[in-house]
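Below, read A as the first sequence line, B as the second, and so on, with proteins coming before strands; counting in each chain starts at 1. When reading the values below, keep in mind they use all heavy atoms of this one structure, side chains included, and skip hydrogens, waters and symmetry mates.
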Number of protein chains: 2
Amino acid sequence: MEKTLPHYKKLHLALRQGILSGAIAKGSLLPSENELSARYNITRATVRQGLQELVREGFIEKRMGIGSVVVNDRKTLGLLTFKGFSEVLESTPLSSTTQNLKMGTTAVWPSPFFYEPTASEKEAGCFFLERLRSVEGHPVMLEFTYIPQKGVPNFFENMENGSLFATLQQEYKIEILKVLQDVRAIHAPEAILKRLELIDNTPVLHINRKYLTNTSDFHIYSSLYCNTTKYSISNFFN
Amino acid sequence: MEKTLPHYKKLHLALRQGILSGAIAKGSLLPSENELSARYNITRATVRQGLQELVREGFIEKRMGIGSVVVNDRKTLGLLTFKGFSEVLESTPLSSTTQNLKMGTTAVWPSPFFYEPTASEKEAGCFFLERLRSVEGHPVMLEFTYIPQKGVPNFFENMENGSLFATLQQEYKIEILKVLQDVRAIHAPEAILKRLELIDNTPVLHINRKYLTNTSDFHIYSSLYCNTTKYSISNFFN
DNA sequence: AAGTGGTCTAGACCACTGC
DNA sequence: CAGTGGTCTAGACCACTTG
């Protein structure tokens, strides 16, 4: 039984399709809100709800007094910002590896936790994952990831290939919508320095992340320690 | 003459203020949309518009059948969106100041430059701007900004109030579309440490940025040094 | 059953941009 | 000036969660 999509979502998908297929050229104007409203037999409020999603995705921009301009015709926009490690590097000539140091399950989340899990997440317990990423043989990132034990049966079995986000999306239809993060420069504890093959007192980049997903009350938490002596952490967002 | 803010924006700021100040505890529920609607004498549609902004910022999450849960109450600097420094802090209880250390013009860009300016930018020369941002009296960020001398006549005269991005947008219709950035943890030079009132060897967060604008062949370049001992740098992507 | 957020309608007036 | 997006009202019905 297919449930029919909300009107605003149908409009959103139709327009997105038009943009991605090239039928609506980059740089051109979308039909006005009033026209879309008439054409789709929905009110302007509903049209705006659909357009808003396109704005959020970076496909269009609204120009007061003018209309909605198509400013992009490619997908992957929002995703570039928090691509996983492997995806970021796969298009470079650099060789990269990921080493799983620990994987496990615990009923009790670490405490104090860098972002407080929600009550139901706390109750569910979590999977944890400790990984070391290296580029050209040099360790660059130590990653501690925590995933609630909710709605992800057989998680580790499904994750054998190592791509966390791909697994979540394919097996459980969990998609990352946003990332909230906190960045600091710190003196890392000895144990972490050793993993990153750094000498004492080398500054380390510390990032705490909370990923928001399309699943209500389900977040992924990561704490990253980065050796930025050779490679910096870069990102691109809009 | 103060222009009065839209109702949804007033609601948004009021709630954000409440969350940041701790008056509305993390983990608690916001008043329901109906109640906010009644309390502020606005319709529910307008309430939803205001709440939506809080969702986008990662302060609350909506739970179907439950309400709006406060999931974040950080008092950190959400600087990586391209809102400027002042805009980020204006609705928090934290007091912030900006001190202009240097402003000037030079025909020759610094070299080597952290992101290479384009040929025409190089030829045009640049304005430079050195500013120190403080929160609650503590210096948190030393900012070096470089702007091409192209299409921005009387730039410094127009920028007296200190809001760089607002000036660019209002006076010159230049809007920031995207940001490319590079982040590292470093040992900062003595001169920079001193400005940030840090002792020797304290790790410093260093960010190099290239802002892409709606104006062709016009970029803004910034190099930021952040004292993250007290406040971390935070952001959210979507 | 009662309350919440999710979707939607049918209007209205305003500020802004272009001609 | 006409047309655009920005804001807003006063309703309505639905799906979902909890007691």
### Summary
In terms of heavy-atom contacts, Thr145(B) and Ser222(B) come closest through OG1-OG, 3.0 Å
#### Entry: Polar side chain donor-acceptor pair, Tyr221(A) to Glu121(A), under 3.5 angstrom
yes
### Message
I want to check one thing: is the phosphate of dT7(D), taken as OP1 and OP2, less than 4.0 Å away from some side-chain N or O of Tyr8(B)?
### Response
yes
### Message
Suppose we screen for salt bridge (Lys or Arg N to Asp or Glu O under 4.0 Å). Which residues come up paired with Arg48(B), at least two apart in sequence or across chains?
### Response
Glu33(B)
### Task
If the plane angle is over 60° it's perpendicular, under 30° parallel, otherwise tilted; pick one for Phe144(A) and Tyr225(A).
perpendicular
### Task
Using only side-chain N and O atoms of Lys62(B), determine if any of them is under 4.0 Å from OP1 or OP2 of dG6(C).
yes
### Message
Any carboxylate oxygen within less than 4.0 angstrom of a Lys/Arg side-chain nitrogen, looking at Arg16(B) and Glu57(B)?
### Response
yes
### Task
Check DNA chain C for consecutive Watson-Crick or G-U pairs with both distances under 3.5 Å and list the runs of at least three as stems.
C:1-16 with D:3-18
### Query
Just how far, in rounded Å, is P of dC8(D) from CG of Leu51(B)?
14 Å
### Task
Write down the distance between OH (Tyr40(B)) and C1' (dT7(D)), rounded to a whole number of angstrom.
18 Å
### Query
Tell me: NZ of Lys9(B) to P of dA15(C), nearest whole Å?
19 Å
Short heteroatom pairs, N/O only, protein and nucleotides 1-4 of chain D, under 3.5 Å:
from   : atom 1 : to       : atom 2 : distance (Å)
dG3(D) : N2     : Gly65(A) : O      : 3.3
dT4(D) : OP1    : Ser32(A) : OG     : 3.4

### Query
Can you check the Leu5(A) CG to dA15(D) P distance for me, whole Å?
15 Å
#### Entry: Value in whole Å for how far the P atom of dG11(D) lies from CD1 of Ile42(B)
16 Å
#### Entry: Between P of dG5(D) and CD of Gln49(B), the distance in whole Å
16 Å
### Summary
For Leu20(A) and Phe59(A) the tightest heavy-atom approach is CD2-CE2, 3.9 Å
### Task
Return the nearest nucleotide to the side chain of Arg48(B); candidates are dG6(C), dT9(C), dT7(D).
dG6(C)
### Query
What's the closest nucleotide to the His7(A) side chain, out of dT9(C), dC8(D), dT9(D)?
dT9(C)
### Query
Which atom pair, heavy atoms only, marks the closest approach of Gln149(B) to Thr106(B)?
NE2-O, 3.3 Å
#### Entry: Protein-nucleotide distance (Leu29(B), atom CG; dG5(C), atom P), rounded to Å
8 Å
### Rounded distance (Å) that lies between atom P of dT7(C) and atom CD of Glu53(A)
10 Å
### Query
So which heavy atom on Ala124(B) is nearest to which on Lys150(B), and how close?
CB-CG, 3.4 Å
### Message
It should be established whether Thr43(B) places a side-chain nitrogen or oxygen under 4.0 Å from OP1 or OP2 of nucleotide dG11(D).
### Response
no
### Query
Any N or O donor-acceptor pair linking the side chain of Arg44(A) to the base of dG11(C) at under 3.5 Å?
no
### Query
Just checking Asn41(B): base, sugar-phosphate only, or nothing, at a heavy-atom cut-off of under 4.0 Å?
sugar-phosphate
#### Entry: Closest approach of Leu132(B) to Pro139(B) (non-hydrogen atoms, all atoms of both residues)
CD1-CB, 4.0 Å
### Message
Please give me the minimum heavy-atom distance between Ile147(B) and Trp109(B), naming the atom from each residue.
### Response
C-CH2, 4.4 Å
